[in-house]
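Reading through the structure tokens given below for one structure.
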2 protein chains.
Amino acid sequence: MLGADNEELSASLEDYLEAIFRLSCDGRQARSKAIAERLGVSRASVTGALRLLKKKGLANYKPYDGVTLTSAGHHAAAEVDRKHRILKSFFGQVLGVDPETARKAACRAEHTLGPSVIGRLLCFIEFVSRENAAGNDLVGKFQQFCNERAV
Amino acid sequence: MLGADNEELSASLEDYLEAIFRLSCDGRQARSKAIAERLGVSRASVTGALRLLKKKGLANYKPYDGVTLTSAGHHAAAEVDRKHRILKSFFGQVLGVDPETARKAACRAEHTLGPSVIGRLLCFIEFVSRENAAGNDLVGKFQQFCNERAV
DNA sequence: TGACAAAGTTAGGTGTGGCTAACTATAATG
DNA sequence: CATTATAGTTAGCCACACCTAACTTTGTCA
């Protein structure tokens with residue numbers, strides 16, 4: 001592993017990675033200002049994070065030049081994004097939490113859950129939709145159940 | 001709100017709170033060494049955390065004397081503990097994740113999920129057990145579903 | 001009761017992650 | 001093309017959360 005600063009990624013760096021990933025979906029470079037706005041953080045903090053991501057080999061960063069992800073960075077970001085989508089979908093579709101709350105909860109939980117739990121969660125979403133297709137409307141029943149106890 | 005240092009509790013402080021809560025279940029005071037061991041942290045770190053908890057009005061702490069929780073601290077700790085139990089139960093019982101992985105995931109996620117998601121999760125556990133009692137073995141079906149796709 | 005071990009604290013250091021204020025580079029435009 | 005606005009960086013600060021090493025307090029027991 002030449003020159004790579006391995007270690008686990010902090011939740012904060014994962015957030016930066018994800019922001020860059022999302023902002024550069026259409027191929028363009030992510031602007032520092034946009035990252036700052038998306039994460040609700042100062043531009044100075046972004047500069048610091050970009051330097052770290054570069055040191056870890058996850059981002060191509062040159063001062064006064066845009067940012068893109070290296071392929072390692074892209075991989076890591078895609079994984080965070082995947083977790084995010086699975087969690088949001090679970091909170092929203094299965095548990096029936098309102099979309100904005102689901103999104104925020106996903107943002108926070110995406111850094112804490114490992115592959116085995118995420119894998120099961122994804123599977124569970126599929127299971128629920130499969131049951132639904134087979135005529136067993138679990139989501140509906142659960143909503144009903146919640147309404148009865150006013151949760 | 002006299003003298004209270006409000007703000008949100010950090011994940012770390014919640015961990016300390018929870019450890020004290022658990023260690024003083026039987027009414028005794030929590031010893032600093034035991035907290036350090038339970039959290040895998042140095043005794044010095046515990047001292048620092050206890051000072052913070054005291055400042056926030058959550059722990060009764062006097063150097064060289066044991067620690068107990070104030071009623072505010074007890075409330076907060078009980079809430080963290082409740083989240084922990086709900087999450088562990090969901091990961092283990094519903095998703096079928098192995099107990100140790102479920103415990104660890106709960107430890108990490110308990111700081112990130114708010115009341116609405118936790119409430120729904122608790123409700124979901126009840127829903128599943130109710131369905132089971134009514135002859136709809138969702139857990140079994142889901143396990144089967146996972147096995148088929150080797151998750 | 002006095003010495004020793006264990007528990008606890010203090011002092012001082014590290015890394016992360018954030019901030020503001022002030023500076024510099026780039027871009028846009030009259 | 002000079003000026004100005006905006007984007008980005010640097011410098012310097014703070015808080016948190018951890019650590020080790022050294023010191024102090026407490027409790028035990030010969």
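Throughout, protein chains are lettered first and strands after them, A, B, ... in sequence-line order, and every chain is numbered starting at 1.
Note on ring orientation: taking the six-membered ring where Trp is involved, the planes of A/F127 and A/F124 are tilted (angle from 30° to 60°).
To the nearest angstrom, C1' of D/dC18 lies 13 Å from CG of B/L13. If you measure from atom CG of B/L9 to atom C1' of D/dC16, you get 13 Å, rounded to the nearest angstrom. As rounded to whole Å, 15 Å separates atom P of D/dC16 from atom CG of B/L50. Summarising the geometry, the separation between CG on B/L52 and P on D/dA15 is reported as 11 Å, rounded to the nearest angstrom. Per the geometry, CG belonging to B/L39 stands 12 Å off C1' belonging to D/dC18, to the nearest Å. If you take NZ of A/K55 and C1' of C/dG17, they are 14 Å apart, rounded to a whole angstrom. To the nearest angstrom, P of C/dT26 lies 18 Å from NZ of A/K33. Atom CD of A/E8 and atom C1' of D/dC18 are 17 Å apart (whole Å).
Between D/dT9, D/dT26, C/dT10, one nucleotide has an atom nearer to the side chain of A/Y64 than all others, and that is D/dT9. The side chain of B/R43 lies closest to C/dG8, out of C/dG8, C/dG18, D/dA17.
With respect to A/R22 and A/E18, no salt bridge is recorded, no charged nitrogen being found less than 4.0 Å from a carboxylate O.
Applying the 4.0 Å criterion to OP1 and OP2 of C/dT10, one finds that B/R51 has a side-chain N or O inside that range. Phosphate proximity of D/dC19 to B/S45: present, with a side-chain N or O under 4.0 Å from OP1 or OP2. For C/dT10, the OP1/OP2 oxygens have no side-chain nitrogen or oxygen of B/T47 closer than 4.0 Å. Between A/R31 and the phosphate of D/dA7, there is no side-chain N or O to OP1/OP2 separation shorter than 4.0 Å. At the phosphate of C/dG17, OP1 or OP2 sits under 4.0 Å from a side-chain N or O atom of A/S10.
Here A/V41 lies in heavy-atom contact (under 4.0 Å) with sugar-phosphate atoms only. Residue A/A49 is out of contact with every strand shown, counting any heavy-atom pair closer than 4.0 Å. Within 4.0 Å of B/G66, counting heavy atoms only, lies no atom of the nucleic acid at all. Base contact: B/S42 has a heavy atom under 4.0 Å from a base atom.
Side chain of B/S24 to main chain of B/T68: no donor-acceptor pair is present (N/O by atom type, distance under 3.5 Å, no hydrogens or angles).
The local environment of NZ in B/K141 is crowded, with over 12 non-hydrogen atoms from other residues, nucleotides or ligands closer than 6.0 Å.
Linking ILVMFWY residues whenever their side-chain heavy atoms come closer than 4.5 Å, directly or via other members, leaves A/L69 and A/V80 in distinct clusters.
Along DNA chain C, the nucleotide nearest A/G40 and the nucleotide nearest A/P63 are compared for position; the residue whose nucleotide lies closer to the 5' end is A/G40.
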